[in-house]
Amino acid sequence: MHALFLASALLVGCLLAVQASVNLQLNKAVGTPYGASTLQLGVATALLALLAVAVGAIGAVRFVPGVPLWHLLGGLASPLYITSGILLFPRLGALAAAGLFVTGQMFASLGLDLFGLFGITRKPLSVGIALGALAVLAGITVIIRGQRPAQSPPAAGPAPGGAAGTAARGGTATVTAAAPAAVRSSGSLGQSGWILLGIVAGAVLPVQGAVNAELRKDIHEPVTTAMISFIVATITIAVVLLVLLATRRTPRPQLGGLRTMPWWGWLGGACAAAYVTATFTLIPTIGAATTVALTVTGQQVASAVIDNYGFLRLPRRPLNAPRLSGLALLIVGSVLVQLT
């Protein structure tokens, strides 16, 4: 049974990479990453609400009025993470984007442990943790520096985002050419800006987990905790979308494109709901450190596979020696930080 829990943690980590990839299809369909995030989070909220009703946990919402306000704010992290994935995956590739997310996750969880923030038990700095942090930094540096132009997706359909991309010599397309039009119009950040966005988006996940852990202590039901977190997330991104529409900073969502979207384009919400629910279930069983180590490992491995083979209509970025080395450093560093 313990082996099953460990395998489950690895699997839900893989779902994070799948979630970010399939969300690109949702973005292509609606024409704006903020509209896609709103839909995805809405789907996740609906699934969790149905699950809460099915398992008889929905009654725990009665405890919400007595909960400290900041215990309800864990959901603010989800819109940032999901929208960042939509923006970064076509620009940097699945492996590089996931590596940035993992780097942010690792350093944020390290800060939570060292300073005992948000109810986390304080953990002293050790040689293993320091070496792990250095390994993660080295790994993401090697991956970013080892980036190559993305090859055209093998699928006959358009590249994620609806644009076929401009082919370069040898059948390759630049990252920008493969990116959705809405992504390209979302800003002119340089590579350093996108790298910073990826690290920040990853860093909010451990903070979200710590805040949601406090909420779970208040209402006692993990599924209802996840549902409340996603309700906050959905309301937040919906407000952001309305503000951007009012200021004409993003295109109006085009829901007609959803009819032609592949069926698996809807799986992002299910992946998000499964990840949040599984982590709440696994942490009390196998421990927070083991859960985090396995989920980030699954996230990195799945991202490498998606990149290498161009799955889910992403541009192919074959794994070369530097990227494989960087992936190994990320995995080793994450495990050292979480398990020492």
Side-chain angles (χ1 to χ4, degrees), residues 14 16-28 33 36-37 80-107 136-153 159-161 163 165-166 168 172-205 268 296 299-331 334:
C14 295
L16 278 180
V18 174
Q19 172 197 18
S21 301
V22 301
N23 280 348
L24 292 174
Q25 296 301 315
L26 197 57
N27 179 48
K28 171 187 170 182
S37 296
L80 176 58
Y81 176 80
I82 292 169
T83 306
S84 296
I86 293 174
L87 293 171
L88 292 176
F89 265 52
R91 291 180 178 274
L92 301 181
L95 179 58
L100 291 170
F101 292 151
V102 168
T103 301
Q105 286 174 259
M106 190 276 295
F107 280 100
V136 168
L137 279 178
I140 191 58
T141 300
V142 169
I143 289 173
I144 294 295
R145 289 184 176 275
Q147 288 282 73
R148 289 182 177 178
Q151 295 181 359
S152 300
T166 302
T172 61
T174 63
V175 178
T176 303
V183 170
R184 294 199 300 271
S185 64
S186 64
S188 56
L189 286 175
Q191 188 181 38
S192 59
W194 297 118
I195 290 172
L196 178 61
L197 176 62
I199 292 173
V200 172
V204 299
L205 291 182
V296 299
Q299 184 181 4
Q300 293 163 67
V301 172
S303 298
V305 173
I306 290 170
D307 247 8
N308 189 58
Y309 295 101
F311 288 149
L312 303 174
R313 297 187 182 178
L314 275 176
R316 279 193 69 216
R317 287 181 175 82
L319 288 174
N320 51 24
R323 285 160 64 79
L324 280 170
S325 300
L327 175 62
L329 285 169
L330 280 174
I331 293 174
S334 299

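Atom set for the values below is all heavy atoms of this structure, side chains included, hydrogens, waters and symmetry mates excluded. Count residues from 1 along the sequence.
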If you compare all heavy atoms of A97 against all heavy atoms of L92, which two are closest, and at what distance to 0.1 Å?
N-CB, 4.4 Å
Roughly how far, to the nearest 0.5 Å, is CD of Q19 from CG of L24?
11.0 Å
For residues A17 and A302, report the shortest heavy-atom separation together with the two atoms involved.
CB-CB, 3.8 Å
Heavy atoms of L16 and Q299 approach each other most closely as CD1-OE1, 3.7 Å
Can you tell me how far CG of L88 sits from CD1 of I195, rounded to the nearest 0.5 angstrom?
9.5 Å
To the nearest 0.5 Å, what is the distance between CH2 on W194 and OG on S84?
9.0 Å
Atom CG in D307, atom CZ in R316: separation rounded to 0.5 Å?
10.0 Å
Of N23, I82, L87, the residue whose pairing with P33 passes side chain to side chain contact (heavy atoms under 4.5 Å, CB included)
L87
Separation between CG of L329 and CG of L137, rounded to the nearest 0.5 Å
10.5 Å
Rounded to the nearest 0.5 Å, what separation is found between the OG atom of S21 and the CZ atom of F311?
11.0 Å
V142 to G326 - nearest heavy-atom pair and separation:
CG1-N, 3.9 Å
Looking only at atom types and distance, does a side-chain atom of Q300 sit under 3.5 Å from a main-chain N or O of I331, one as donor and one as acceptor?
yes
At their closest point, which heavy atom of G268 faces which heavy atom of V22, and how far apart are they?
N-CG2, 3.5 Å
Give me the ring orientation class for Y81 and F101: parallel if the planes are under 30° apart, tilted from 30 to 60°, perpendicular past 60°.
tilted
